[in-house]
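Quick note: numbers below take in every heavy atom, side chains included, and nothing from hydrogens, waters or symmetry partners. Since the model is a prediction, treat every value here as computed from it, not as a measurement. Throughout, protein chains are lettered first and strands after them, A, B, ... in sequence-line order, and every chain is numbered starting at 1.
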There are 2 protein chains.
Amino acid sequence: MGEQRTVTTRERIIEAAAELLADGGIDAVSTRAVAAAAGVQAPALYRLFGDKQGLLDAVTAHGFERYLMAKKAVAPSDDPVEDLRRGWDLHVEFGLTHPAFYVLMYGVPQPGRRPTAADDAYRLLVGILERVAEGGRLKVPVETAASIVHATNTGVTLSLISAEEKDPDVSTRTRDMVLASITTDELPQEDTTLSARALALDSTLNRQTHPLSPAEAALLRDWLHRLASN
Amino acid sequence: MGEQRTVTTRERIIEAAAELLADGGIDAVSTRAVAAAAGVQAPALYRLFGDKQGLLDAVTAHGFERYLMAKKAVAPSDDPVEDLRRGWDLHVEFGLTHPAFYVLMYGVPQPGRRPTAADDAYRLLVGILERVAEGGRLKVPVETAASIVHATNTGVTLSLISAEEKDPDVSTRTRDMVLASITTDELPQEDTTLSARALALDSTLNRQTHPLSPAEAALLRDWLHRLASN
DNA sequence: GGTTCGAGTTATCGGCGATACCTTGATCAA
DNA sequence: TTGATCAAGGTATCGCCGATAACTCGAACC
């Protein structure tokens, strides 16, 4: 089959909604306005996207694609901690460049209604942190580090979005503070400390298959985390 | 005049709206539902609160009052850094106990639409930080510290609200990380470092009247911040 | 060549925020 | 005492919104 050259109705609708969102904020995105801008009638949206939330999910996924592409293209460098730093900055930059999109994704937590795009970004963060842990430079378990980085990164970005005078220094300060707290400055050639070895084992357990049962593995990982926290 | 013993219509409306918000989330708070629950007709809301946003502002202010009371009652201890720690925990606890209220206040940043209650809480934070700075235990300017603490505290709380399994360890870890990064462990009896003296002067300039003109003071404070950042 | 079905239409529903206009009851000067 | 005033709330209604039932049309398929 040849490529689809003509723009599909679905794409037209998503782009119309994205433009309305970027221009007039979330309030400007009504089913009628989107339908009119896309040159279609309202029920077409519902057949294509189910309901309005489905349309918004598609819009955020579409708008987030470029960001994820950039993040994926930039991520694999020699120094995973540097990747972490660049990922933080990219995150903040995306939020300030597309505030309406960003708030839609991270602003209002509704249980079970998390956009897929946000999950993808989180998994990408976990992947980088696993590489940091593999290099023996992570001071805390990967899950803990991911939660902390995610929480602080979104917190800073939302604060900057709502601030009328945006001070980028707050982002870099917080970023360096967080990274300094969860990583070690340099990789020790051979780290013989208890916590480092526990975390190294934890990291590889997380990534490889092993002969332990799920229950055994859960208990072991709990012990490893307790060993690492001393 | 005797005290107002009967509950005013305004109070009845606010309490009805607060109950709807706590029970069914923000979507359950419609003008009609609130009016019906308060035993009143819809236009009464508009005369009392202007529009729906005015009603929501009044509701958040009301719901936030107890929290602010608790925070004010707890705050003034001997150790302002400990006050900071308790303020952080109180903030997170309030968010997890009243998620719908919290999201209404901190979730969706709209320029110029920040609820008054959030401003009050921020000013309270700045007040504590000024006491920390006065004790010579703050490593960064008060405004910077306030921005960082606010951004990370709200970020952690929003993350916990949206997380299905809430790990309180993330909050305490981030809290201690932030506090360790912006404060010194112990107050030196006489801190003779350049940055400490610059920040001590900055802090008192902030709180007292002085003979410098506003322009001179702004320039001086800029210099002090640059001295402190080395 | 009739059938099926995807894709989009017209028409309409109930709920929402908001407002113009009316009613009522308390207050107070003449 | 009475009539004007006005705060407080009610009645009726507007236009917009999300959503859906029921219909139309054209292409694909046997």
Side-chain angles (χ1 to χ4, degrees), chain A residues 1-60 62 100 103-104 107-108 110 112-113 115, chain B residues 1-60 62 100 103-104 107-108 110 112-113 115:
Chain A
M1 248 85 84
E3 269 188 44
Q4 184 85 5
R5 272 277 154 248
T6 65
V7 180
T8 67
T9 304
R10 181 186 173 89
E11 286 168 344
R12 260 191 307 128
I13 292 174
I14 290 178
E15 277 162 25
E19 195 169 333
L20 285 171
L21 178 64
D23 289 355
I26 187 63
D27 290 339
V29 184
S30 72
T31 56
R32 279 163 172 79
V34 172
V40 102
Q41 293 301 318
L45 310 187
Y46 289 90
R47 214 182 47 82
L48 283 170
F49 301 99
D51 58 3
K52 189 184 182 183
Q53 187 60 46
L55 168 62
L56 292 181
D57 282 353
V59 169
T60 56
H62 175 79
V103 169
L104 202 58
V108 182
Q110 317 191 47
R113 241 25 209 112
Chain B
M1 250 89 79
E3 270 188 45
Q4 183 85 4
R5 271 276 153 250
T6 64
V7 179
T8 68
T9 304
R10 182 186 172 89
E11 286 168 344
R12 260 192 307 128
I13 292 174
I14 289 178
E15 276 163 25
E19 195 170 333
L20 286 171
L21 178 63
D23 289 355
I26 186 64
D27 291 338
V29 185
S30 72
T31 56
R32 280 164 173 79
V34 171
V40 103
Q41 293 300 318
L45 311 186
Y46 290 89
R47 212 183 49 83
L48 284 170
F49 302 99
D51 58 3
K52 189 185 181 180
Q53 187 60 46
L55 168 62
L56 292 181
D57 282 353
V59 169
T60 56
H62 175 80
V103 169
L104 201 58
V108 183
Q110 316 190 48
R113 241 25 209 112

Query raised in the report: Considering heavy-atom distances to DNA chain C, does B/P43 or B/A33 have its closest nucleotide positioned more toward the 5' end?
Result: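 Checking each residue's closest nucleotide, the 5'-ward one belongs to B/A33.
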Considering all heavy atoms, the nearest [X]-[Y] contact:
X: A/V29; Y: A/K52; value: O-NZ, 2.8 Å
X: A/A58; Y: A/R10; value: CB-NH2, 4.1 Å
X: A/G25; Y: A/A100; value: CA-CB, 4.4 Å

Separation of atom [atom1] in [X] from atom [atom2] in [N], rounded to whole Å:
X: A/Y46; N: D/dC17; atom1: OH; atom2: P; answer: 11 Å
X: A/Q41; N: D/dC23; atom1: CD; atom2: P; answer: 18 Å
X: A/I13; N: C/dT9; atom1: CD1; atom2: C1'; answer: 13 Å
X: B/D51; N: C/dT19; atom1: CG; atom2: P; answer: 8 Å
X: A/E11; N: C/dA7; atom1: CD; atom2: P; answer: 14 Å
X: A/K52; N: D/dG18; atom1: NZ; atom2: P; answer: 4 Å
X: A/F49; N: C/dA7; atom1: CZ; atom2: P; answer: 12 Å
X: A/R47; N: D/dC23; atom1: CZ; atom2: C1'; answer: 14 Å

Query raised in the report: Of all the choices, D/dT11, C/dG8, D/dG9, which nucleotide is nearest to the side chain of A/T9 once you look at every atom?
Result: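 Selected nucleotide: C/dG8.
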Report task. Please tell me which of the listed nucleotides, D/dG9, D/dG18, C/dG17, lies nearest to the side chain of B/T31? Result ->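 Of all the options, the side chain of B/T31 is nearest to C/dG17.
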Query raised in the report: Has the side chain of B/R32 got a donor or acceptor that lies under 3.5 Å from a partner of the other kind on the base of C/dG17?
Result: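 Answer is yes: a donor-acceptor pair is held.
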Query - side-chain N/O B/S30 vs C/dG15 OP1/OP2, d < 4.0 Å - result: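 For B/S30, the contact criterion (side-chain N or O under 4.0 Å from OP1 or OP2 of C/dG15) is not met.
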Report task. Take B/L55 and B/T31, measure what side-chain contact (heavy atoms from CB on, under 4.5 Å) needs, and give me the verdict at the end. Result -> CA-CA 9 Å; B/L55 168 62; B/T31 56; 5.5 Å; no
